[in-house]
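A short worksheet on the structure shown next.
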Amino acid sequence: MAEYKGLDGVTDKDFDPYFGIAKLDEQLKGIPSKKMVLISASPSVGNEVFGYQIIHKNITSDVKVLVFLNRTSPQSYLTDMKEYDFPANDNLFIIDAYSGITGIKSDETDHIRVINNPYDKEEVKTRVLKELENGYGLFVIDSFSLLADFFDFSFADSFMNDIKQKIINKDSAAVLLFTDWGYEKQNVDKIISNVNSTIEIKGIEKRVIFGQYFAVLKCDWIEENPTFSSVLFKAIKPGGIKVYFPKILVTGPTDAGKSSFIHSASKNAVSVDKLGGTIALDHGTVDFQGYRADLFGTPGQERFDPLLKMLGGEAIGVFLVVDSTKPEQFPRAVEMLRKTETYGLPVVVIANKADLNGSLKKEDIREKLHLDSAITLVQTVAEDLSKVDPNEPIKLKEEGVNEALSALFKQLT
Ligand SMILES: Nc1nc2c(ncn2[C@@H]2O[C@H](COP(=O)(O)OP(=O)(O)OP(=O)(O)O)[C@@H](O)[C@H]2O)c(=O)[nH]1
Ligand SMILES: [Mg+2]
């Protein structure tokens with residue numbers, strides 16, 4: 001797996017283990033050893049994919065991971081992980097505290113340890129603590145709420161303290177997956193007070209769930225509070241947890257390269273075009289550095305201006321695309337931005353066609369567009385690679401498109 005790089009270029013240098021989840025790694029810089037993280041979900045949303053992704057990130061970075069599993073069988077756990085594109089490898093070890101409950105026989109293997117009687121508190125505790133002696137970089141409990149249900153909160157609490165001691169002695173870290181099924185507040189508060197960090201996962205519910213978000217409730221190893229309060233995400237199969245931006249608008253004058261930009265940035269873009277110009281809209285889904293965004297492109301021709309406001313509705317950010325060789329179109333670009341009624345949203349200006357002779361320098365474009373110094377301007381060559389002469393590879397293409405995505409995504413969370 002490719003090394004995780006956040007938008008800020010955060011890489012796996014400072015800490016092992018990492019979350020492997022955009023935004024969390026950028027802000028919390030992974031999970032330092034000796035720390036315990038609670039991932040607490042409301043019942044309407046699942047937290048298991050967070051577990052899979054954290055595990056996968058670590059086992060593929062050569063961190064040994066132990067999972068205490070009481071939610072399902074190891075076999076279906078591994079199958080489910082794989083469906084999210086998180087296959088197991090030799091660094092993954094499981095303590096099976098599930099099969100014994102169902103009566104299904106489970107054989108010990110090098111990577112699966114079986115608890116014969118999961119109803120026996122002492123056996124559970126002793127086996128886990130003994131196993132942790134072997135030294136794991138990360139210990140995951142899936143699920144901690146089931147454990148509390150199965151026994152009681154006072155056992156869960158004392159077990160948690162034992163685990164804490166053990167991971168401190170062994171320089172490892174722990175992640176506890178927890179679903180709050182409406183437990184007494186004091187029980188939940190106690191668990192939260194015992195961990196170093198709590199990440200909350202919730203749904204946006206209006207009869208149906210139409211969004212899911214996560215938020216950092218607390219974290220004792222970063223000095224400042226994270227700059228985000230909550231982050232929308234999607235759990236994608238395959239792919240896992242992606243920070244999600246439902247609507248980003250791409251606008252700008254005719255022929256500036258809006259459709260080309262959307263096609264360069266996404267894998268599956270569609271355009272409603274006629275004679276080379278967009279007549280309705282473009283749509284493309286972008287997957288970039290753990291982020292997913294839906295881009296919506298407007299037409300550029302004036303006769304379609306009534307569409308601008310409609311397409312701009314509910315957008316959370318804007319790419320304004322201009323042709324770097326056509327300063328005469330810049331007033332039109334500003335006018336279009338106004339017509340989309342997206343005032344106040346983060347904007348990144350894309351100075352496209354930077355490959356052409358006569359393309360203006362960045363400073364000139366800024367000046368001619370009267371750009372506020374706070375607005376990012378990125379030079380791109382957005383043209384579809386299939387149309388480019390293969391003997392003359394255009395270097396700016398990927399770089400520029402990625403720089404633009406990165407600049408806007410940073411402002412959006
Ligand atoms: N040389 C060069 N050509 C480009 C670049 N980007 C786009 N083009 C070309 O410019 C033309 C217009 O690109 P589109 O992406 O269709 O422009 P648009 O902004 O969507 O146009 P409308 O939908 O009509 O407003 C096409 O022929 C593209 O191949 C670029 O970076 N460099
Ligand atoms: Mg177009």
Side-chain angles (χ1 to χ4, degrees), residues 247-286 293-312 315 317-340 342 347-362 364-366 368-369 376-408:
K247 187 170 184 183
I248 293 176
L249 190 71
V250 181
T251 194
T254 311
D255 256 8
K258 302 174 292 298
S259 300
S260 305
F261 175 74
I262 292 173
H263 285 261
S264 302
S266 42
K267 283 167 273 161
N268 63 345
V270 286
S271 302
V272 185
D273 279 7
K274 204 169 182 182
L275 299 176
T278 302
I279 55 163
L281 81 166
D282 312 285
H283 173 255
T285 302
V286 175
D294 280 315
L295 303 185
F296 291 83
T298 73
Q301 296 170 47
E302 269 175 60
R303 61 192 173 109
F304 297 114
D305 278 8
L307 287 176
L308 292 177
K309 184 179 163 191
M310 192 195 84
L311 288 168
V318 182
F319 286 114
L320 179 63
V321 185
V322 297
D323 180 334
S324 306
T325 65
K326 294 204 174 129
E328 66 278 11
Q329 285 188 337
F330 292 180
R332 166 72 184 149
V334 175
E335 167 74 0
M336 286 183 77
L337 190 59
R338 192 183 62 73
K339 287 190 170 169
T340 60
T342 51
V347 182
V348 165
V349 176
I350 291 177
N352 192 38
K353 308 200 185 183
D355 56 317
L356 292 183
N357 284 336
S359 63
L360 294 171
K361 290 205 198 77
K362 270 172 122 174
D364 295 337
I365 298 172
R366 294 197 80 95
K368 288 191 190 326
L369 270 171
T376 311
L377 180 134
V378 177
Q379 282 181 305
T380 58
V381 176
E383 191 163 33
D384 199 336
L385 263 196
S386 60
K387 295 180 191 160
V388 172
D389 181 353
N391 299 318
E392 274 184 53
I394 294 174
K395 197 163 158 278
L396 204 57
K397 186 196 179 250
E398 225 185 22
E399 261 176 38
V401 171
N402 289 351
E403 193 189 334
L405 293 173
S406 190
L408 189 62

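Counting starts at 1 for both ligands and their atoms, in listed order.
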Any Leu360 side-chain heavy atom under 4.5 Å of Lys368 side chain: yes
Check: Asp282 N/O within less than 3.5 Å of ligand 1 N/O: no
Near Asp355 (heavy-atom distance under 4.0 Å), the atoms of ligand 1 are 1 (N), 2 (C), 30 (C), 31 (O), 32 (N)
Side chain proximity check, Pro299 to Ile279, heavy atoms < 4.5 angstrom: no
When only distance counts, is Gly257 in polar contact with ligand 1, meaning an N/O pair under 3.5 Å? yes
Would you say the side chain of Phe261 lies within less than 4.5 Å of the side chain of Ile350, judging by non-hydrogen atoms? yes
Pair Arg338, Glu335 - check salt bridge (Lys or Arg N to Asp or Glu O under 4.0 Å), show working. CA-CA 5 Å; Arg338 192 183 62 73; Glu335 167 74 0; 3.3 Å; yes
What about Val381: any of its N or O atoms under 3.5 Å from an N or O on ligand 1? no
With atoms numbered from 1 as shown, which atoms in ligand 1 lie under 4.0 angstrom from a non-hydrogen atom of Gly276? 16 (O)
Checking Arg332 side chain against Thr254 main chain: does a donor-acceptor pair fall under 3.5 Å? no
Ignoring angles and geometry beyond distance, decide whether Ser259 reaches within less than 3.5 Å of ligand 1 through its nitrogen or oxygen atoms. yes
Number of protein N, O or S atoms [distance to the Mg ion (ligand 2) under 2.8 Å]: 2
Who are the side chain to side chain donor-acceptor pair (under 3.5 Å) partners of Ser324, not counting sequence neighbours? none
May I ask you to check if ligand 1 and Gly277 share an N or O to N or O distance below 3.5 Å? no
Identify the two heavy atoms, one from Leu408 and one from Gly317, that lie closest to each other, and give their separation to 0.1 Å. CD2-C, 4.3 Å
Partners meeting side chain to side chain donor-acceptor pair (under 3.5 Å) with Thr325 (sequence neighbours left out): Asp323
Ligand 1 atoms nearer than 4.0 angstrom to some heavy atom of Thr278 are 20 (O), 22 (P), 23 (O), 24 (O)
Is it the case that ligand 1 has an N or O less than 3.5 angstrom from some N or O of Gly300? yes
Close side-chain approach of Val349 to Leu369, heavy-atom, < 4.5 Å: yes
Between ligand 1 and Ser260, is the shortest N or O to N or O distance under 3.5 Å? yes
Using a strict 4.0 Å cut-off to heavy atoms of Leu356, name the atoms of ligand 1 that fall inside it. 1 (N)
With sequence neighbours left out, write down each residue that passes side chain to side chain contact (heavy atoms under 4.5 Å, CB included) with Asp255, or none if nothing qualifies. none
Heavy-atom distance under 4.5 Å between the side chains of Leu249 and Thr298, does that happen here? yes
